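Atoms within each ligand, like the ligands themselves, are counted from 1 in listed order. Nothing here was measured: the structure is a model prediction, and the numbers come from that model.
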Amino acid sequence: MAISYSTRDIRWLVGASTLIPFVVLAFRAMDVVTSPKGGRDALTGLPSRAALLDIVDRYFATPGASTRTAACLVIDIDEFHSFNERWGRDAGDEVLRQTAQRLRSAVREDDMVVRLDADAYALFLAPSQGMTLDSILSIGDRIQRALSEPVVVHGTTAYVSASVGIALASKSPEPTAASLLVAAERAMVEARSHGAGALRLFSSEMQTEIRASHELAEDVAKALENGEIVAWFQPQVSTETGQVTGFEALARWEHPTRGTVSPAEFLPAIEATGRTERLSEVMLYQGLKALVAWERGGFAIPNIGVNFAGMELRNPHLIDKVKWELDRFGLTADRLAVEILESVISQTEDDIILRNISALGELGCGIDLDDFGTGHASISSIKQFRINRIKIDRSFVTHVDKDGEQQRMVAAILTMAQQLGLDALAEGVETIGEHSLLGQLGCHHVQGYGIARPMPFEDTFAWLESHNAKLAPPPRIERQQGH
Ligand code: C2E
Ligand code: CA
Ligand code: CA
């Protein structure tokens, strides 16, 4: 059988052979400690993040460090969560162990491999004068190939792939370990966004993005405090009566110069700076306040939907806060529908989150399972959390009136909901055709651009006025007598 080498293999072989003597000499000179700081990870036996930070900081502190090339790689197993779900936790652990071994044997003894978190590893390539960009890229390639070899779990063969981000120490935004690691992580995120098994090198454009995102984070923190983040409202209507059954509160940033900024742009900054809790506080307050204002204006809106992300559900005082807010407005708990992503329910093992969701249900709040159909929640968890409504994700709703496959999916979801005694709302309803078919299929509520786009609070009154006018029975025309 002929052995063939790809150009990548050859590039690797050439690169590696030139780098060996330098690597050994250079790293020995750094006085590498044998017992790593931060202890070892129990599952894989690898050192931890702290050990890597320690070594890299020492590298930066060594006089003349810049004359020797060093690099940090972050390796993230693609869709590890799905793997775990499909094959079970033991199999997942086995993959993590084997990944650790494969990484260890893919690099030299002087290189440091650590486990960063659940399914991510980092590698610090020992500094060397002879190491080139090519040789570093080859190492990345080699690691990906090593990890894509089949893994045998419970006698079956499974496959995983990994996304790899690489940052050269010379390109680190700051000469610190933390900064280099962030850079490699950023490159990994970029790789992952290009699909499974990709590899990316940290670039100066990514550096600009990091700086911009820091600025954004600062701005958004201020915006949350000075009232620039506001709730916009999107109505939900009954497919039977056409009546408004609720509104969903959706966050908008009313930026002084940029105009209205959508959550896709600023939510990541809010999450990254740990301010989701503050956001939900602001949204809850504005949502409940709107409910009271509508009532005063003569509109009986049954409930308001507020989005709670995974992070704010971790707050041990969440229930007290929600109770307090409801009391402040004199509202009963059933007027609030807490929207929780299906993925949060299916993925979380965090006790506080689980207890908070149950407690919100016990308090009497509605629990809406958001983006239903995208997150694999089990039927037992739906029961356990007293979910009372599912929000069918837009991806199932689009063209439901024209596409048989979509129709079958939605019909199946609705049958399941009915059997479990759950209410259902379809999201992202854009056309009259979708709206009426969903009604025929037995979906009780709809929300989407076809009914109305999210709007500022001030506009809701005029919208309600005109919507209700359309619902009102046509004025009776008296039959004329005589003639
Ligand atoms: P979501 O909770 O699934 O909200 C529905 C999104 O779909 C909204 O986007 C809404 O404007 C959009 N939408 C509604 N109808 C249609 C339609 O007919 N067609 C299309 N194409 N889109 C439609 P938006 O407001 O940009 O929000 C995006 C996501 O940001 C939300 O998705 C939610 O996950 C998150 N989000 C928004 N506000 C908050 C908040 O206050 N807290 C948290 N934690 N997340 C929020
Ligand atoms: Ca939602
Ligand atoms: Ca949704």
Side-chain angles (χ1 to χ4, degrees), residues 220 223-224 228-237 246-254 259-290 303-315 318 322 325 336-345 353 356-357 365-375 377 387 389-401 413 424-435 438 443 445-457 459-460 463:
V220 90
L224 258 177
E228 281 170 27
I229 307 273
V230 299
W232 279 31
F233 297 91
Q234 188 177 33
Q236 302 165 335
V237 305
F247 275 93
E248 175 174 4
L250 292 157
R252 292 291 180 273
W253 181 0
E254 295 189 331
T260 306
V261 182
S262 75
E265 272 187 73
F266 65 84
L267 271 183
I270 289 196
E271 277 163 16
T273 53
R275 289 196 163 78
T276 34
E277 210 176 295
R278 181 74 189 118
L279 173 69
S280 67
E281 230 170 64
V282 168
M283 299 299 286
L284 182 63
Y285 173 79
Q286 296 191 21
L288 298 180
K289 193 171 158 199
N303 67 52
I304 183 81
V306 177
N307 292 283
F308 276 22
M311 255 186 283
E312 57 255 42
L313 290 168
R314 221 168 266 149
N315 175 6
L318 181 75
V322 170
E325 289 289 352
L336 173 67
V338 178
E339 297 199 7
I340 297 173
L341 288 172
E342 188 191 16
S343 53
V344 169
I345 296 223
I353 296 189
N356 267 336
I357 300 174
C365 297
I367 311 278
D368 280 5
L369 203 49
D370 206 354
D371 295 0
F372 186 83
T374 63
I387 309 292
R389 183 161 71 171
I390 54 169
K391 292 191 79 174
I392 305 173
D393 191 65
R394 182 163 69 90
S395 55
F396 297 95
V397 170
T398 307
H399 301 317
V400 70
D401 52 331
I413 292 174
L425 178 148
E427 283 195 288
V429 177
E430 294 189 351
T431 66
I432 294 173
E434 289 165 358
H435 187 153
L438 285 157
C443 181
H445 310 264
V446 283
Q447 174 184 347
Y449 294 171
I451 295 99
R453 288 183 179 248
M455 61 190 99
F457 171 70
D459 296 355
T460 53
W463 184 85

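In terms of protein heavy-atom proximity, atom 31 (C) of ligand 1 is nearest to Leu250 CD2, 4.3 Å. Taking atom 35 (C) of ligand 1 as the reference point, the nearest protein heavy-atom neighbour is Leu267 CD1, 3.4 Å. Shortest contact from atom 43 (C) of ligand 1 to any protein heavy atom: Asn307 CB, 3.7 Å. Ala251 N, 3.0 Å is the protein heavy atom nearest to atom 38 (N) of ligand 1. Atom 18 (O) of ligand 1 has its closest protein heavy atom at Tyr449 N, 2.8 Å. Distance from atom 41 (O) of ligand 1 to its nearest protein heavy atom, with residue and atom name: Met283 CG, 3.2 Å. Looking from atom 3 (O) of ligand 1 to the surrounding protein, the closest heavy atom is Asp371 OD1, 3.3 Å.
Residue contacts with ligand 1, taken as heavy atom pairs separated by less than 4.0 Å, do not involve Thr276 at all. The side chain of Pro263, and not its backbone, has at least one atom closer than 4.0 Å to an atom of ligand 1 (non-hydrogen atoms only; side chain from C-beta on). Residue-level proximity to ligand 1 for Leu341 is absent, since no heavy atom of it falls below 4.0 angstrom. Residue-level proximity to ligand 1 for Val306 is absent, since no heavy atom of it falls below 4.0 angstrom. Contacts with ligand 1 closer than 4.0 Å are made by no heavy atom of Arg453, backbone or side chain. Contacts with ligand 1 closer than 4.0 Å are made by heavy atoms of both the backbone and the side chain of Ala309.
For atom 16 (C) of ligand 1, the nearest protein heavy atom is under 4.0 Å away.
Remark: ligand 1 atoms within the under-4.0 Å shell around heavy atoms of Gln234 are 14 (C), 15 (N). For ligand 1, the atoms lying closer than 4.0 Å to a non-hydrogen atom of Glu430 are 17 (C), 18 (O), 19 (N), 20 (C), 21 (N). Contact atoms of ligand 1 toward Gly448: 15 (N), 18 (O) (distance under 4.0 Å to a heavy atom of the residue). If you number the atoms of ligand 1 from 1 as listed, the ones under 4.0 Å from a heavy atom of Pro454 come out as 11 (O).
Excluding waters, the protein N/O/S atoms found under 3.0 Å from the Ca ion (ligand 2) are Glu248 OE2, Asn307 OD1, Glu339 OE1, Asp370 OD2.
Contact between Gln447 and ligand 1 is absent, with no heavy atom of the residue lying under 4.0 Å from the ligand.
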